[in-house]
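Below is one structure; the comments refer to it alone.
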Amino acid sequence: MTLDIAGLKVTIGGKDILRGVDLRLEAGKVHGLAGESGSGKTMTGLAVLGLLPHGAKASGSITLGERDLLRLPPKELNRVRGGEVAMVFQDPATSLHPMLTIGTQLTEHMRHHLRLGKAEARERAIELLGKVRIPGPAEAYGRFPHQFSGGMRQRIAIAIALACSPKVLIADEPTTALDVTVQAGVLRLLRGLCDELGLAVLLVTHDLGVMSAVADEVSVMKDGLVVESGPRGRVLREPEHAYTRALLDSLPDTEVR
Amino acid sequence: MRRRDPLARGGLLRRLPQAWRQPLAVTGAVLAVAWLVIALVAPVLAPHDPLAQDLPRLAAPGPGHWFGTDQLGRDILSRVMYGARVSIPLTLLLVALSVLIGGLLGACAGYFGRWVDETIMRVADLVFAFPTVILAMVVAAALGASLTNAVLAVLVVAWPAYARVTRGLVLGVREREFVLSGRLLGFSVWRSLRVDVLPNVTGPVLVLATLDIGTALLLLSGLSFLGLGAKPPSPEWGAMVASGVEVFDSWWVATFPGLAILTVVLAFNFLGDTLRDALDPRTARAIKERAL
Amino acid sequence: MLTIDDVVVEHRSPGRAVVRAVAGASLQVRPGEVVGLVGESGCGKSTLARAVCGLNPITSGSVSFEGQPVTPLGLRRRRLTGIQMVFQDPYASLNPRRRVGDQIADGLRTSGDTSTTPADLLERVGLPRDFAGRHPHEFSGGQRQRIAIARALAARPRLLIGDEPISALDASAQSQVARLMRDLAVESGAGLLFISHDLSVVRLIADRIAVMYLGKIVEVGGTAEVWARPRHPYTEALLAAVPKPDGRGVLPAELPGDVPDPASPPSGCRFHPRCPKVMDVCREKSPDFGPVACWLHEPK
């Protein structure tokens with residue numbers, strides 16, 4: 001299943017946030033979306049899920065399979081959200097509900113989308129926690145988010161996103177708030193899951209090192225437009241667009257290339 | 001996404017024009033300005049001398065005495081207008097003093113901490129523990145019934161709220177990096193308070209003060225109503241309502257001063273709400289987005 | 001010039017055990033030298049930086065600057081203005097109510113410098129001179145950080161401390177601002193203690209690197225040396241975990257386990273539960289020596 005974004009334009013209050021974005025996500029591949037703050041990369045991710053801020057106008061098309069997500073009625077879109085397209089956010093401290101056990105947060109989704117019984121959902125939840133390598137998944141099921149470290153919370157957020165077996169995963173700066181050693185673990189997890197489950201992953205990040213480690217395809221955004229797109233090795237080693245070159249040059253590790 | 005600084009002065013000025021276009025704000029502003037104008041020009045505008053008892057007693061509202069007259073034949077309209085000259089300036093003075101005294105005490109409590117904080121806050125707690133109106137009554141009665149003493153009484157019950165709010169705000173600002181930078185550069189604590197801390201806590205305190213004007217006026221009028229404030233024949237609204245209660249079937253004697261109090265309190269409440277919405281970055285953004 | 005000697009900083013929360021945010025750290029900074037202090041969250045590097053400035057009280061050990069002990073910041077006017085600090089959050093490092101030029105002028109007043117103007121300093125940090133009349137909210141994060149640096153430098157410090165000064169900035173601004181701090185500090189003969197979790201940037205500007213883990217400094221050495229031949233297993237893991245933007249698709253190495261709770265650190269060497277080269281002695285005795293605090297590199 002591919003997700004095709006074509007000519008996506010988003011305006012908020014008269015201001016053009018996205019000015020014609022073209023992207024394609026393929027199953028089993030990680031597509032990295034790079035750019036600085038204000039380039040519109042987060043908005044692109046939100047647009048796919050229909051989570052644009054109040055008062056935003058979107059045009060163009062976002063096609064999943066045969067459906068255009070931009071034109072779906074709200075009820076249909078709700079089914080797609082969580083069920084077929086899931087998202088992981090940047091800050092693990094605020095993306096989990098502080099007052100619900102992680103077990104509840106996991107099973108709630110599942111029972112809503114997949115109509116599972118309580119026991120079935122619990123079993124699946126514990127299986128998922130094991131998959132994202134949370135130690136002692138059965139005990140973790142009953143604990144609260146604040147009892148876990150940032151890296152663990154991000155893994156839990158990934159588990160919640162995967163609860164309903166989505167086909168597309170959008171990860172918005174998933175490791176930016178994490179320490180570098182913890183980040184390494186989460187990146188390995190994401191790559192592993194993508195390969196194992198055949199997910200189409202959109203990885204939004206400003207960190208070109210992360211991009212280089214995990215992405216198959218890379219697109220670079222500037223001011224609401226994709227200025228360069230291509231295979232990761234080519235874009236990062238032989239960039240064609242001046243902006244990409246500038247981004248790479250501004251990195252401290254410039255002698256690597 | 002760039003974080004918006006809630007204390008940015010430029011930000012406030014930019015947001016103010018939008019917030020002021022809300023109907024609530026316009027109503028509040030119009031009413032407040034109207035009353036201030038009346039207070040200023042009452043001697044010119046009032047049809048009669050507020051103390052002159054030359055009109056027919058308890059006359060219903062009609063030509064020549066649009067608000068009617070009271071038991072002593074005084075024109076209520078003129079008395080209400082002159083009353084503005086009594087109530088409004090005193091209330092504003094009262095709130096200003098409460099802010100000044102409460103604010104300074106609270107700032108010291110917040111900035112210096114330890115025993116300074118303990119002392120000031122325990123005294124504030126003591127005052128808070130008493131029911132406001134009762135305490136004000138007790139103080140006013142103890143000092144003797146006069147408008148000045150009523151003001152002092154309300155001051156005693158009002159300062160702790162500002163002290164508490166200011167203390168909280170100062171505690172928040174005190175640890176901010178620019179304050180620490182200032183100290184590292186050799187600022188004395190006084191300079192730090194004056195230049196770095198206080199200017200950055202005025203916003204919420206201003207909102208509180210504006211919202212408080214209504215309460216202060218009510219308290220002041222209430223004390224006068226109970227005979228603990230203005231002395232007759234002073235045309236103070238609260239006292240006027242009190243005398244109107246005695247002749248209940250001549251409804252105009254109590255109603256018009258009562259309406260005067262109501263509209264002034266509403267006006268400043270609306271203004272205060274607007275100011276608060278303009279200063280709070282989240283609601284300010286909501287106002288902005290609705291306007292787009 | 002700056003000597004940090006076995007400093008311990010404890011943090012007390014009511015109802016919870018005492019936490020040793022810094023559990024005996026020693027470090028030196030010489031004039032004109034740039035020392036990078038790196039570590040991950042919770043290692044205590046910011047706490048140490050603030051303690052060096054006098055913003056946090058020190059439980060034991062000493063910090064001396066130019067031979068004199070550094071006193072904590074109290075109610076009295078600070079006499080020791082030779083140490084200045086640039087903080088992490090650019091949105092909180094300037095007074096929103098005052099003009100930028102006035103704030104820089106504070107620094108000039110501290111150093112008694114009557115010949116330089118705030119506009120001169122703005123120029124030195126790469127900003128237009130006429131920015132002096134504006135307010136902080138008119139600037140971006142990167143610009144505000146430059147202004148904060150200008151203010152700190154105006155006071156002619158002999159030691160400049162940066163507490164994660166670039167972490168909140170855009171990726172492209174980070175190296176620029178880091179280089180700016182290094183250049184300006186070194187050219188005025190001051191020392192720079194640069195704290196960051198970003199190893200690549202520290203590698204760019206530091207002469208020496210100190211690595212912290214759970215309140216202790218585990219390795220100190222020349223930047224090039226530490227980068228090419230890290231000796232402490234934690235330093236190795238840290239360097240291996242940094243993803244390189246080389247387009248090769250290599251996943252960075254993982255360091256299993258979690259950082260332990262600083263309130264109840266492991267016995268012996270604090271890194272031993274996660275160390276791939278752990279030995280028996282590591283579980284029992286804490287390697288309290290330098291420059292590499294590891295039993296594998298015990299000095300003879």
Side-chain angles (χ1 to χ4, degrees), chain B residues 1-16 107-117 169-206 278-279 281 284-285, chain C residues 50 53-56 72-99 102-112 134-142 144-145 147-149 151-152 154-157 160-161 163 165 168 170:
Chain B
M1 221 173 295
R2 206 160 289 164
R3 223 187 72 201
R4 213 164 300 185
D5 189 340
L7 301 177
R9 170 207 271 157
L12 169 62
L13 286 176
R14 256 183 288 133
R15 280 197 291 272
L16 222 42
C108 287
Y111 196 80
F112 294 108
R114 284 175 283 165
W115 65 266
V116 177
D117 187 6
L169 291 169
V170 165
L171 279 177
V173 174
R174 182 177 75 167
E175 294 303 319
R176 289 191 103 191
E177 282 83 340
F178 66 86
V179 178
L180 296 175
S181 280
R183 293 300 319 280
L184 285 176
L185 283 174
F187 280 18
S188 65
V189 291
W190 300 109
R191 189 183 159 90
S192 183
L193 258 175
R194 183 172 52 89
V195 165
D196 280 336
V197 176
L198 285 176
N200 284 299
V201 302
T202 47
V205 177
L206 203 64
L279 277 174
R285 218 173 297 154
Chain C
R50 286 177 168 231
C53 254
L55 294 171
N56 275 356
L73 191 66
L75 287 178
R76 283 208 220 116
R77 271 190 67 167
R78 184 88 170 159
R79 297 256 165 254
L80 183 59
T81 54
I83 304 182
Q84 290 298 327
M85 189 140 150
V86 177
F87 295 91
Q88 174 172 3
D89 185 357
Y91 294 94
S93 46
L94 295 172
N95 185 337
R97 298 303 203 110
R98 294 176 74 206
R99 269 186 255 267
D102 294 335
Q103 301 192 48
I104 298 179
D106 288 334
L108 291 170
R109 204 175 311 132
T110 308
S111 62
R134 299 201 197 165
H135 287 92
H137 66 83
E138 301 179 58
F139 299 109
S140 70
R144 288 192 210 208
Q145 208 63 320
I147 296 167
I149 294 169
R151 188 183 200 212
R156 301 259 182 102
L160 184 62
I161 303 181
D163 182 6
D170 269 343

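Sequence lines set the chain letters: A, B, ... in the order given, protein chains first and strands last, and positions in each chain run from 1. Please read these numbers as outputs of a predicted model, since none were measured by experiment.
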Q.
How long is the straight-line distance from CG of C:D89 back to CZ of B:F178, given to the nearest 0.5 Å?
A. 11.0 Å
Q.
For C:R156, is the CZ atom crowded, meaning more than 12 foreign heavy atoms sit under 6.0 Å from it?
A. no
Q: Go through the atoms of B:V195 and report whether side chain, backbone, both or neither lie under 4.5 Å from a heavy atom of chain C.
A: both
Q. Listed by residue number, which members of residues 182-189 of chain B have a heavy atom under 4.5 Å from any heavy atom of chain C?
A. B:G182, B:R183, B:L184, B:L185, B:G186, B:F187, B:S188, B:V189
**Q.** C:R50 versus chain B, the contacting section by heavy-atom distance below 4.5 Å
**A.** side chain
Q.
I'd like to know which of C:Q84, C:Q88, C:R78, C:R76 tops the heavy-atom pair count under 4.5 Å against chain B.
A. C:Q84
(Q) Looking only at heavy atoms and a cut-off of under 4.5 Å, which of C:N95, C:T110, C:D163, C:L80 has the most pairs with chain B? (A) C:N95
Q: For C:A92 and B:E177, work out which heavy atoms get closest and say how close.
A: CB-OE1, 3.3 Å
Q: Please look at C:R79 and chain B and tell me whether the side chain, the backbone, both or neither of the residue comes under 4.5 angstrom of a heavy atom of that chain.
A: neither
Q) Taking atom CZ of B:R191 as the centre, does the number of heavy atoms from other residues, nucleotides or ligands within less than 6.0 Å exceed 12? A) yes
(Q) Could you check whether any side-chain heavy atom of B:T202 comes within less than 4.5 Å of a side-chain heavy atom of C:R97, counting everything from C-beta outward? (A) yes
**Q.** Interatomic distance, B:R114 atom CZ to C:L75 atom CG [nearest 0.5 angstrom]
**A.** 6.0 Å
Q: Output all residues satisfying ring pair (Phe, Tyr, Trp, His ring centres under 6.0 Å) with B:W190, sequence neighbours left out; order by chain, then residue number.
A: B:F112
Q. To the nearest 0.5 Å, how far apart are CG in B:N200 and CZ in C:R98?
A. 10.5 Å
Q: Below 4.5 Å from any heavy atom of chain B, which atoms of C:L55 appear? Answer side chain, backbone, both or neither.
A: side chain
